[in-house]
Amino acid sequence: MALPNYAFFNGRIVPYSEAKVGVLTHGLNYGTGVFGGIRAYWNQDLRQLFIFRPHDHFRRFLESTKLLRMEFSYAETELTKALIDLLRTENHKTDCYIRPLAFYSDEIIGVRLHDLTPALAIVSLPFGKYVEKDEGSHVTFSSWRRVDDNMVPARGKITGSYINSAFAKTDAQRAGFDEAILLNLDGHICEGSAENIFVVRNGAVMTPPITDNILEGITRQTVMTLLRDKLGMNVVERSIDRSEVYLAQEMFFTGTGAQITAVTRVDYRAIGAGQMGPVTKKLREVFFDTVRSREEKYKHWCVPVYENAFRL
Ligand SMILES: Cc1ncc(COP(=O)(O)O)c(C=O)c1O
């Protein structure tokens, strides 16, 4: 993977090689950091790069920093402006992934969340698929349980808690699956290692509620809106049993990385007909039009980067 050329680091844009930390850094030693994941999509017809829902992503990012008692003077609008500057400096003309990161930067010994100094960085890089088989993934139920809200809140995108996702993902992939589904301590469906989950059964679309130890996904919200407006389907937010997945007609993951990934097999059982179903298919079409700013109704979600974009 090619490294970024620049980083927004502690308030200004610097060459990526200058955005460095020491090995004693608190965030690195104790996982006291939070991060985000945002995509920007290149629209070739408009010759414009659109950041997808940056304000919503930065709002969640700042909420995560609040969970870790970090104090920043930035609001989501300022972070969006900084991101636009960074993307212009990089001069990307392709789909990108954007990584905001906040972490305690003190080089000290001692695990805690108080009397520490937070630092903030944003980087971006060209990016394609995150899940290789996004038209038909084979997933497994992980033997790892999702972290509980009273252990490490899954609602916050906390760097240290991603070891939970990493355990699940590596075990799934080493066993030949594409992804893992994590259950919560009650045995209900939570999410993938970096994706929310939707299940279609008997004409209804279901997804776990935000109180079942999931990340409050921006793509999850986007998909709920698109399903309602474009497919006339209201999503039911409720706890989902493992056996309901086996009996589902369709299943898909949502996430900034995964976008909309069809899940067609779970532990060697076919979901529905064992291939991408009609709801997932239609939703993917609407979703990809939306993120490239081709859907009039949702253009406000797509923030243009370049001033001088023009129609060919
Ligand atoms: C654990 C987890 N769940 C769900 C998601 C999807 O969230 P979003 O749609 O905001 O990218 C992610 C990705 O960031 C994640 O890491």
Side-chain angles (χ1 to χ4, degrees), residues 31 33-41 51-65 67 76 79-80 83 95-102 122-124 127 129-131 134 137 139 142 144-149 151-170 172 178-184 188-199 207-227 235 237 240 251-261 263 283-284 287-288 290-291 298 301-302:
V34 305
F35 67 107
I38 309 174
R39 272 189 190 258
Y41 291 89
I51 316 168
F52 190 62
R53 302 190 72 170
H55 295 93
D56 298 307
H57 276 283
F58 282 128
R59 195 171 304 125
R60 184 183 67 195
F61 175 70
L62 290 171
E63 280 184 2
S64 292
T65 66
L67 285 174
E76 47 268 28
L79 291 174
T80 302
L83 172 57
D95 294 351
C96 302
Y97 186 82
I98 295 142
R99 165 58 45 85
L101 174 71
I122 311 176
V123 292
S124 67
F127 201 68
K129 280 187 184 183
Y130 177 71
V131 178
D134 65 347
S137 291
V139 309
S142 182
W144 297 95
R145 293 295 171 108
R146 189 80 181 113
V147 282
D148 185 76
D149 195 56
M151 299 171 176
V152 186
R155 160 170 303 108
K157 226 168 144 50
I158 299 170
T159 56
S161 75
Y162 272 75
I163 198 66
N164 178 236
S165 287
F167 278 138
K169 176 91 177 230
T170 289
D178 301 307
E179 244 303 350
I181 302 174
L182 288 112
L183 305 177
N184 63 18
H188 289 121
I189 306 299
C190 272
E191 53 188 349
S193 66
E195 305 90 2
N196 292 115
I197 293 179
F198 287 75
V199 171
T207 195
I210 56 168
T211 45
D212 267 1
N213 296 318
I214 63 165
L215 185 76
E216 297 173 359
I218 310 296
T219 322
R220 176 182 179 275
Q221 277 177 19
T222 303
V223 156
M224 287 169 77
T225 305
L226 295 179
L227 281 166
V235 176
E237 290 176 84
I240 300 174
M251 183 172 162
F252 54 88
F253 283 135
T254 65
T256 298
Q259 303 178 107
I260 297 173
T261 290
V263 177
L283 184 63
R284 278 169 58 99
F287 177 81
F288 287 117
T290 300
V291 295
Y298 309 111
W301 282 343
C302 303

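As the structure lists them, so they are numbered: ligands from 1, and atoms in each ligand from 1.
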Heavy atoms only: give me the nearest Ser161-Val152 pair and the separation to one decimal.
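That would be CB-CG1, 3.4 Å.
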
To check you understand the geometry: which heavy-atom pair defines the closest contact between Asn196 and Leu215, and what is its length?
ND2-O, 3.1 Å

Among Ile240, Asp212, Leu183, which residue satisfies the side-chain contact (heavy atoms from CB on, under 4.5 Å) criterion with His188?
Asp212

State which residue, out of Gln221, Lys157, Arg155, fulfils the side-chain hydrogen bond (donor to acceptor under 3.5 Å, both in side chains) condition with Glu216.
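Exactly one candidate clears the test, Arg155.
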
Which pairs of nitrogen or oxygen atoms, taken one from ligand 1 and one from the protein, are under 3.5 angstrom apart?
unit_1	atom_1	unit_2	atom_2	d
ligand 1	3 (N)	Glu191	OE1	2.7
ligand 1	9 (O)	Ile218	N	3.4
ligand 1	9 (O)	Thr219	N	2.9
ligand 1	9 (O)	Thr219	OG1	2.5
ligand 1	10 (O)	Arg60	NH1	2.6
ligand 1	10 (O)	Arg60	NH2	3.3
ligand 1	10 (O)	Ile218	N	2.8
ligand 1	11 (O)	Thr256	N	2.8
ligand 1	11 (O)	Thr256	OG1	2.6
ligand 1	14 (O)	Lys157	NZ	2.7
ligand 1	16 (O)	Lys157	NZ	3.0
ligand 1	16 (O)	Tyr162	OH	2.5

Step by step, would you call Ser193 with Glu179 a side-chain hydrogen bond (donor to acceptor under 3.5 Å, both in side chains)?
CA-CA 7 Å; Ser193 66; Glu179 244 303 350; 2.6 Å; yes

Of all pairs that satisfy salt bridge (Lys or Arg N to Asp or Glu O under 4.0 Å), the ones with a partner from residues 217-226, not counting sequence neighbours:
Arg220-Glu237

